[in-house]
*Asks:* 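Have a look at the structure that comes next, please.
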Amino acid sequence: MPDSPIQSSSDSCVGATRRAQLIEVGVFLFLVLPSVVVSLFAIRRGSLNFPTIAASIILRDLALVALILYFLWHNREPRALIGWSARNAGREVLAGLLLYLPVAFAAGALAWALREMGLSLPSGPPDFLRPHGAGETALAVGLVAVVAVAEETIFRGYLIRRFAAITGSTPAAVVISAVIFSLGHGYEGSAGLIAVGFLGALYALVYLWRGSLIAPITMHFLQNFLGLVVAPWILRHFPQG
C-alpha cells in the first residue's frame with residue numbers, strides 16, 4: 001500500500017508550524033466560505049444561468065488551487081504531500097474506475113433512504129446546471145474536469161492534511177473536510193447535502209488508502225460527468241412523460 005500523504009507529511013522535517021497552518025487555513029476558508037454562501041443565495045433567487053456559474057466555478061477553483069500551490073511553495077513542502085503524484089498513474093486511474101460504482105451506489109442508496117425518511121432530494125440537476133447546446137456542453141466537460149481536479153486538491157489533498165496537523169487527528173480531518181465539501185451542494189436538498197458529505201468522506205478514505213489523488217479525481221470526474229453532462233443530454237433527447 002502506498003504511504004499515506006498524512007503520514008509522509010508528519011515524517012517530513014520541512015513544513016509550517018501548527019500555528020502557521022491554522023492561520024493559513026483560516027485565510028483559505030475566509031476565501032472559500034463566503035463565496036459558497038453567496039452562491040447559495042443567488043441560486044435560491046434564480047439569478048444564475050449555466051455559462052455564468054460554470055465560468056465562475058472554473059475561475060474560482062483554479063484560483064484556489066493556485067493559492068494552495070503558493071502555500072506549498074512558501075512552506076517548502078513538496079506537492080506530493082497533498083497527493084499530487086503521477087506515480088503508478090495508470091493503476092490509480094484503474095482503481096478509480098473500479099471503485100466508482102460501489103462508492104456511487106453507496107452514496108445513492110443513502111440519499112434514497114434519507115428521501116424515504118422525508119428529507120428533500122431533487123429528481124435531477126437544477127436548471128442552472130443543465131447545459132443547452134453544443135457550446136454549453138463543451139463548457140460542461142471543461143467544468144467537470146476542472147472541478148474534479150480542483151475539489152479533490154482542495155478538500156482531500158489540502159484540507160485533510162492541514163486539519164490533521166491542526167487537530168492531531170486524521171479521522172477528525174476527514175469529517176471536517178467532508179462537512180465543508182458538502183456546504184457547496186445545498187441545491188441538492190437536505191438528503192443530497194448529507195449524501196455529498198458521505199461521498200466526500202469516501203473519497204477521502206480512497207485518497208488516504210492510495211496515497212494519491214488520481215483515483216478520487218477519476219471517481220469525482222465520473223460522478224459529475226454523468227450527472228452534469230450525460231443526464232442533461234438524456235433529458236433533452238429522451239424527455240420523460
*Asks:* Report yes or no: do Phe71 and Ile23 belong to one cluster of Ile/Leu/Val/Met/Phe/Trp/Tyr joined by side chain heavy-atom distances under 4.5 Å?
*Replies:* no
*Asks:* Do Val229 and Val144 pass the side-chain contact (heavy atoms from CB on, under 4.5 Å) test, and can you show the C-alpha distance, the side-chain angles, and the key distance before you say yes or no?
*Replies:* CA-CA 9 Å; Val229 179; Val144 166; 4.2 Å; yes
*Asks:* Answer whether the closest heavy-atom distance between the side chains of Phe198 and Leu114 falls below 4.5 Å.
*Replies:* no
*Asks:* Measure the shortest side-chain to side-chain distance between Ile180 and Phe163 over non-hydrogen atoms and say whether it is less than 4.5 angstrom.
*Replies:* yes
*Asks:* Using the rule given for side-chain contact (heavy atoms from CB on, under 4.5 Å), can you reason through Gln223 versus Tyr203, listing the C-alpha separation, both sets of side-chain angles and the distance that settles it, and then say yes or no?
*Replies:* CA-CA 11 Å; Gln223 182 75 19; Tyr203 288 166; 3.7 Å; yes
*Asks:* With Val146 as reference, evaluate Val141, Ile57, Leu59, Leu62 under the side chain to side chain contact (heavy atoms under 4.5 Å, CB included) test and give the passing residue.
*Replies:* Leu62
*Asks:* Examine distances only and state if a side-chain atom of Ser182 and a backbone atom of Ile194 form a donor-acceptor pair shorter than 3.5 Å.
*Replies:* no
*Asks:* Consider only side-chain heavy atoms of I, L, V, M, F, W and Y, link residues closer than 4.5 Å, and tell whether Leu67 and Trp73 are in one cluster.
*Replies:* yes
*Asks:* Linking I/L/V/M/F/W/Y whenever their side-chain heavy atoms sit closer than 4.5 Å, directly or via other members, would Leu64 and Ile176 fall into one cluster?
*Replies:* yes
*Asks:* Given 3.5 Å as the limit, does a donor-acceptor pair link the side chain of Arg18 with the main chain of Ala165, or not?
*Replies:* yes
*Asks:* Decide yes or no for Trp84 and Leu69: does some side-chain heavy atom of the first lie under 4.5 Å from some side-chain heavy atom of the second?
*Replies:* yes
*Asks:* Are Arg161 and Glu24 within salt-bridge range, i.e. N to O under 4.0 Å?
*Replies:* no
*Asks:* Assess the residue pair Thr218 and Glu92 against the criterion (side-chain contact (heavy atoms from CB on, under 4.5 Å)); give the C-alpha distance rounded to whole Å, side-chain angles, the decisive distance to 0.1 Å, and a yes or no.
*Replies:* CA-CA 9 Å; Thr218 302; Glu92 294 305 312; over 6 Å; no
*Asks:* Would you call Leu110 and Leu199 a side-chain contact if the rule is heavy atoms closer than 4.5 Å?
*Replies:* no
*Asks:* Using 30° and 60° as the class boundaries, would you call the ring planes of Phe225 and Phe221 parallel, tilted or perpendicular?
*Replies:* parallel
*Asks:* Walk me through it: do Leu202 and Leu99 pass the test side-chain contact (heavy atoms from CB on, under 4.5 Å)?
*Replies:* CA-CA 10 Å; Leu202 293 180; Leu99 290 168; over 6 Å; no
*Asks:* Side chains of Val149 and Val65, heavy atoms from C-beta outward: is any pair under 4.5 Å?
*Replies:* no
*Asks:* Could you please spell out the steps behind the ring pair (Phe, Tyr, Trp, His ring centres under 6.0 Å) verdict for Phe28 and Tyr158?
*Replies:* CA-CA 10 Å; Phe28 185 82; Tyr158 173 73; 4.9 Å; yes
